[in-house]
**Student:** 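Sharing a structure with you now.
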Amino acid sequence: MPRCRPPRDPALRSRYMRRKGRSPRQGKRPVEEGARSRRSSQASGGQPAKPVGGARRGPFKQAPPLGPTDSRRLGPNFTRSRGRSGVGAGESKEFRMTSLLTYTFKNLPTTSKCALRFSVRPLSCSSQLQAAPAVQTKSKKTLGKPSVRNVVVVDGVRTPFLLSGTSYKDLMPHDLARAALSGLLHRTSVPKEVVDYITFGTVIQEVKTSNVAREAALGAGFSNKTPAHTVTMACISANQAMTTGVGLIASGQCDVVVAGGVELMSDVPIRHSRKMRKMMLELNKAKTLGQRLSLISQFRLNFLSPELPAVAEFSTSETMGHSADRLAAAFAVSRAEQDEYALRSHTLAKKAQDEGLLSDVVPFKVPGKDTVTKDNGIRPSSLEQMAKLRPAFIKPYGTVTAANSSFLTDGASAMLIMAEEKALAMGYKPKAYLRDFVYVSQDPKDQLLLGPTYATPKVLEKAGLTMNDLDAFEFHEAFSGQILANFKAMDSDWFAQNCMGRNTKVGVPPLEKFNNWGGSLSLGHPFGATGCRLVMAAANRLRREGGQYGLVAACAAGGQGHAMIVEAYPK
Amino acid sequence: MYRERRAGSRGGRHLGIWVLVRQYGGRLAGTTLLGGKVLCSAAPAGSAFYFRPFPCKMVASRAIGSLSRFTSSRTLRSPGYFCRNFTRAPPLMARTHINYGVKGDVAVVRINSPNSKVNTLNKELQSEFIEVMNEIWASDQIRSAVLISSKPGCFIAGADINMLTACKTPQEVTQISQEGQKMFEKLEKSSKPIVAAISGSCLGGGLEVLIIQSHWWYSSALAISCQYRIATKDRKTVLGAPEVLLGILPGAGGTQRLPKMVGVPAAFDMMLTGRNIRADRAKKMGLVDQLVEPLGPGVKPPEERTIEYLEEVAVTFAKELADKKISSKRHKGLVEKLTSYAMTIPFIRQQIYKKVEEKVQKQTKGLYPAPLKIIDVVKTGIEQGKEAGYLSESQQFGELAMTKESKALVGLYHGQVLCKKNKFGAPQKDVKHLAILGAGLMGAGIAQVSVDKELKTIIKDTTLAGLGRGQQQVFKGLNEKVKKKALTSFERDSIFSNLTGQLDYQGFEKADMVIEAVFEDLNLKHRVLKEVEAVIPDHCVFASNTSALPIREIAADSKRPEKVIGMHYFSPVDKMQLLEIITTEKTSKDTTASAVAVGLKQGKVIIVVKDGPGFYTTRCLAPMMSEVIRILQEGVDPKKLDLLTTSFGFPVGAATLVDEVGVDVAKHVAEDLGKAFGERFGGGSLELLQQMVSKGFLGRKSGKGFYLYQEGTKNKNLNSDMDGILASLKVPPKPEVSSDEDIQFRLVTRFVNEAVMCLQEGILATPAEGDIGAVFGLGFPPCLGGPFRFVDLYGAQKIVDRLRKYEAAYGNQFTPCQMLIEHANNPKKFYL
């Protein structure tokens with residue numbers, strides 16, 4: 001199996017080390033730097049510095065460009081290509097090499113500004129390269145790492161997300177998950193025996209199918225030799241499933257993993273009370289009639305009061321909506337702002353749906369019902385209508401209402417992730433790389449939903465990117481107030497200094513790049529399945545809008561959060 | 001000293017509502033509709049009145065305890081405080097306490113006393129307030145107003161007590177009350193709705209704004225007289241009418257408004273117990289109309305933003321009130337409706353007054369005038385109308401303020417404020433890691449009050465069983481709070497994680513302080529001291545929790561005697577507020593500062609005394625105990641003795657006290673101190689205690705003492721087996737000193753004489769500490785204010801006379817000490 005190694009070439013190696021010591025944003029480079037360094041590496045990698053015609057995978061124009069913003073990882077990238085060529089991984093590497101250049105030329109006019117901005121910094125580089133044209137580069141590099149396999153998303157699908165209690169209401173969670181898995185099989189035509197592992201996220205567990213991943217996989221026609229497990233991490237369960245897959249692949253344990261998530265809020269486990277359960281269990285063990293009768297005589301009517309699944313944080317006993325309302329108040333987010341944001345989400349989602357952009361949705365023939373083809377929670381309304389609603393949590397003066405919160409949703413999603421070389425070897429054209437990711441956690445009381453604020457700077461630092469490098473943002477919208485509070489937190493120096501231990505604020509994502517195809521507020525939020533939707537939305541948007549980096553971020557119950565960089569796979 | 005576990009007395013603690021329920025619940029609703037559950041939730045079991053039957057140590061802590069919660073944050077101000085601004089020029093007058101801004105058509109009145117952590121109602125604030133309100137009433141643009149404090153965590157913490165103490169006659173006090181009444185009435189009748197936005201303590205006067213009450217405790221008064229009240233729902237926000245704890249009544253209309261607002265039973269409960277009511281309960285009671293959740297950090301500090309938010313919410317409500325979109329009338333539940341209907345029936349009202357009065361009589365033994373006056377004033381208001389009610393309120397207020405009881409209670413309040421400060425300064429090293437040796441009742445109790453104060457606590461015992469019992473005690477204590485909804489189960493768990501139980505000395509190298517609570521045996525204490533000193537770091541303080549062993553003897557074996565100190569906790573540790581800290585000549589100042597800091601963290605009221613046999617508390621109690629034995633030997637029935645002592649104001653009868661303390665402990669102490677002080681500590685025959693111990697009558701812990709103790713039974717019966725012992729040791733009573741009053745005074749004068757001697761010998765540093773120690777630790781009658789206050793109020797000469805009389809009968813046990821004689825001869829007072 002091809003592995004990445006550090007540069008063999010002593011010159012490269014020393015440069016790599018030298019650069020490693022430098023902070024990514026420390027200085028400006030000379031204009032040519034990006035181009036130069038890239039080409040130098042190509043030279044040392046022994047590859048022809050001209051397009052190889054994209055070989056059979058077609059026009060891979062969008063090279064993983066080099067990022068002057070992060071010189072640290074420059075070396076490793078080249079290394080990888082070298083390493084691969086060394087073990088004969090062949091074509092894949094060649095595509096990369098060629099695409100580097102084609103991309104550069106192709107994007108010259110549009111990226112020059114950017115390149116100028118980022119490329120000014122002193123650098124010594126090998127003389128042979130100094131003649132290279134100055135502004136031929138998109139300023140960013142790819143985020144691959146030395147000694148870590150590249151993980152790609154081949155494709156991902158989801159069932160339409162429906163309001164709970166609608167068409168899916170008679171299903172069980174594994175039915176939905178199965179639909180997503182079958183859809184994925186159909187969409188990718190992946191031979192089922194190739195799949196090494198399946199992992200799924202879910203939050204409210206159906207007790208009969210506690211490992212819903214396994215039940216769904218068996219029913220969806222996957223090989224019964226493919227193991228599967230289920231993870232849970234509140235609203236970022238699917239993210240956890242994906243990153244689990246990433247870990248399995250990156251560590252070399254697996255090559256092909258299916259990750260996904262499912263949630264069926266139409267049905268939740270409502271239990272007997274603890275007293276009733278205890279009595280029933282003891283009754284089970286009772287041997288004689290006398291014992292049974294004496295147990296039954298202890299029965300009281302209140303034993304019959306049911307136990308609902310907790311809607312509140314266990315640690316604080318506060319419901320999430322209540323916390324969101326307080327969060328919005330803490331950041332002085334007004335009701336009007338929240339309604340406006342929710343309206344934006346619905347409007348954009350509607351537009352995306354009408355334009356057919358939500359290509360990850362696969363139709364689902366619900367047994368006994370019509371085929372569902374579309375999300376049904378997208379309902380653009382008017383601000384006036386929304387203003388009429390009463391607050392849902394903090395009554396009577398709160399600001400979080402049904403209209404500016406995400407709704408209870410049924411849905412499932414699944415995606416096929418592979419090691420890059422495996423995907424290429426199998427002839428796939430991946431959609432995106434899954435790059436750096438982080439999980440964060442904070443105070444579950446007052447900062448329950450601020451995960452994105454904490455996770456974003458962390459993952460950017462890890463990847464060596466800045467806000468400006470990002471082309472698409474896909475944040476999970478639990479509540480309008482939560483998104484806007486996160487924006488305000490990211491825009492606040494006070495918050496950065498006093499709560500995050502940072503010197504300066506994180507910075508706000510530009511709204512024109514933010515959740516452009518709608519979000520959880522409008523598309524719906526099946527807790528366990530949203531993560532995959534976010535990643536697919538980011539990947540599809542990058543492909544369509546032509547960007548390179550997308551940021552996925554989400555908050556989750558328990559005061560946790562997640563962020564991941566999605567890098568478009570070069571076309 | 002009192003190490004024995006206390007069995008809670010549940011009986012007779014409910015007041016007010018409970019009475020109503022019991023008497024009329026069934027009859028009114030015919031079923032359980034009004035039954036205990038619903039109504040009682042409004043007056044929970046903890047609504048103890050001043051004094052609980054026992055144990056003695058808890059008594060006063062209860063009485064003054066709730067006082068401390070708000071007073072501890074108050075700053076005492078000099079009496080001259082409110083004279084400061086007389087020089088200002090009226091036209092240019094920049095208000096110092098109050099300013100207001102207008103938001104739309106809502107005036108936002110912000111209270112912010114300068115240079116102080118809290119807002120206190122005083123004359124200046126009041127006059128500025130009236131000015132501002134007049135402006136608001138006069139303005140055409142303003143349609144409603146919001147009243148809010150600019151200080152996070154404090155609305156108004158009542159009025160300045162010194163205003164009251166400065167008055168010389170009842171008339172002056174009455175006038176203060178009447179001014180308050182007028183102001184608050186005006187507020188109440190305001191045509192423009194006024195919304196009180198409360199965050200933090202709102203007590204006394206503060207509540208009256210809400211209800212608007214007296215000069216003193218205006219904040220509550222202030223709040224009550226507003227049309228609408230919004231409070232932040234945090235633990236700091238408490239409402240209450242604590243006047244009764246100072247021996248006075250809510251004197252600015254509170255007695256009149258509160259019953260209307262929350263109903264007569266709940267109002268009685270609030271005013272007679274003086275307890276603090278948390279915001280969420282206040283909402284249920286109808287004391288506040290809306291709650292605002294405290295906010296977390298946003299783009300500014302959470303407290304600041306919470307106040308802003310509170311203001312924003314209050315402004316919207318003020319607008320809606322002015323627009324008549326909402327009404328300030330509260331929707332009443334069925335139970336409430338029924339209750340208020342019941343209150344319209346005169347017969348039922350009479351029964352309630354009667355019942356409440358009976359209850360108060362029973363609990364106060366008629367020793368505290370304030371509760372009875374409160375009932376009286378409320379009754380006047382309801383039966384004879386508002387005018388009569390107000391008049392009666394202000395008059396009774398004036399009279400109460402002049403009573404000895406009030407002076408005693410105010411004195412205790414001041415003393416307590418004093419004992420809540422660390423006069424030794426900040427210790428060099430903050431104690432973060434605490435280790436406790438011995439997981440017995442005391443050890444576990446100390447752990448219990450430490451873990452929830454962010455102290456990482458190790459509890460070490462020698463056996464797994466003992467350790468387990470101790471850990472369970474800590475857990476149980478925390479779990480009780482969960483049951484009472486003072487903690488969530490999650491908070492309990494995370495607090496409990498601060499506790500490590502172990503059998504070895506692992507982790508002691510990190511300890512900043514070690515408190516030993518092993519068995520009271522000098523050799524054992526020496527042994528653990530040695531073991532501990534081998535493992536602890538140099539800066540670590542070694543504190544011994546002992547009730548009678550001299551600290552200098554324990555320290556004799558120490559390598560570093562400057563780090564050895566005594567910390568005498570009282571059992572049950574989580575309930576008893578007192579901590580007696582004992583220093584030897586060698587104890588360093590920093591060690592003392594460290595011990596006091598830990599004690600304060602644990603929420604204790606602290607007295608610091610010098611080392612000596614029995615320190616202060618045990619030493620005072622011992623002669624009294626000796627007298628108890630003698631009185632019993634003289635043939636007084638234990639039940640009668642209990643009655644005599646409780647009717648004097650002691651929360652626990654003397655014979656019961658011996659049982660509670662443990663006969664063996666009492667014997668041990670009596671022997672030890674008898675050796676140290678000789679004949680002076682004699683009186684009763686030690687033989688009695690010895691025989692009791694040999695027969696296994698150890699008191700409550702063994703189920704038998706002077707009384708019989710059985711699980712599940714409330715009534716105590718005398719232990720008939722004691723008759724033989726008592727008969728065999730009977731001594732003839734001396735008729736000239738055996739009247740009921742004499743018996744009471746024989747006990748009290750010995751106590752007082754010993755206390756004064758402690759001051760004379762320098763064991764005590766100040767009389768205030770002596771009073772606090774006696775009341776909070778030993779249950780000295782709070783209405784007497786402690787032994788020193790008692791001497792001041794009762795008269796030193798009269799006490800000396802009494803002592804001389806008993807001296808003539810019994811000898812030198814009653815010889816008055818030098819200092820007492822001096823105070824009698826050239827009339828001096830302990831308190832100026």
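All heavy atoms count here, side chains included; hydrogens, waters and symmetry mates do not. Since we're looking at a predicted model, the values are computed, not measured. Per chain, numbering begins at 1; letters A, B, ... match sequence-line order.
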**Student:** Please state whether the side chain, the backbone, both or neither of B:Thr316 comes within less than 4.5 Å of a heavy atom of chain A.
**Tutor:** neither

**Student:** Taking B:Glu293, B:Arg305, B:Glu491 one by one, which has the highest count of heavy-atom pairs under 4.5 Å against chain A?
**Tutor:** B:Arg305

**Student:** Counting C-beta onward and ignoring hydrogens, is there a side-chain heavy-atom pair between B:Ser144 and B:Val106 closer than 4.5 Å?
**Tutor:** yes

**Student:** Heavy-atom cut-off 4.5 Å, strictly under: side chain, backbone, both or neither for A:Ala485 against chain B?
**Tutor:** neither

**Student:** Is atom NZ of A:Lys278 surrounded by more than 12 heavy atoms (other residues, nucleotides or ligands) closer than 6.0 Å?
**Tutor:** no

**Student:** Sort A:Ala329 into side chain, backbone, both or neither according to what part of it lies under 4.5 angstrom from a heavy atom of chain B.
**Tutor:** both

**Student:** Which bit of B:Ile326 is near chain A, if near means a heavy-atom gap under 4.5 Å: side chain, backbone, both or neither?
**Tutor:** neither

**Student:** Are A:Phe487 and A:Phe514 close enough that their ring centers fall under 6.0 Å?
**Tutor:** yes

**Student:** Ignoring hydrogens and geometry, is there a side-chain-to-backbone donor-acceptor pair from A:Asp325 to A:Thr399 under 3.5 Å?
**Tutor:** yes

**Student:** Using non-hydrogen atoms only, which part of B:Pro301 is less than 4.5 Å away from chain A: side chain, backbone, both, or neither?
**Tutor:** both

**Student:** Could you tell me how the ring of A:Tyr439 sits relative to the ring of A:His562: parallel (under 30°), tilted (30 to 60°) or perpendicular (over 60°)?
**Tutor:** tilted

**Student:** Which bit of B:Val299 is near chain A, if near means a heavy-atom gap under 4.5 Å: side chain, backbone, both or neither?
**Tutor:** both

**Student:** Which atoms of B:Glu312 are under 4.5 Å from chain A, going by heavy atoms: the side chain, the backbone, both sets, or neither?
**Tutor:** neither

**Student:** Are side-chain heavy atoms of A:Thr456 and A:Met490 found at a separation under 4.5 Å?
**Tutor:** yes

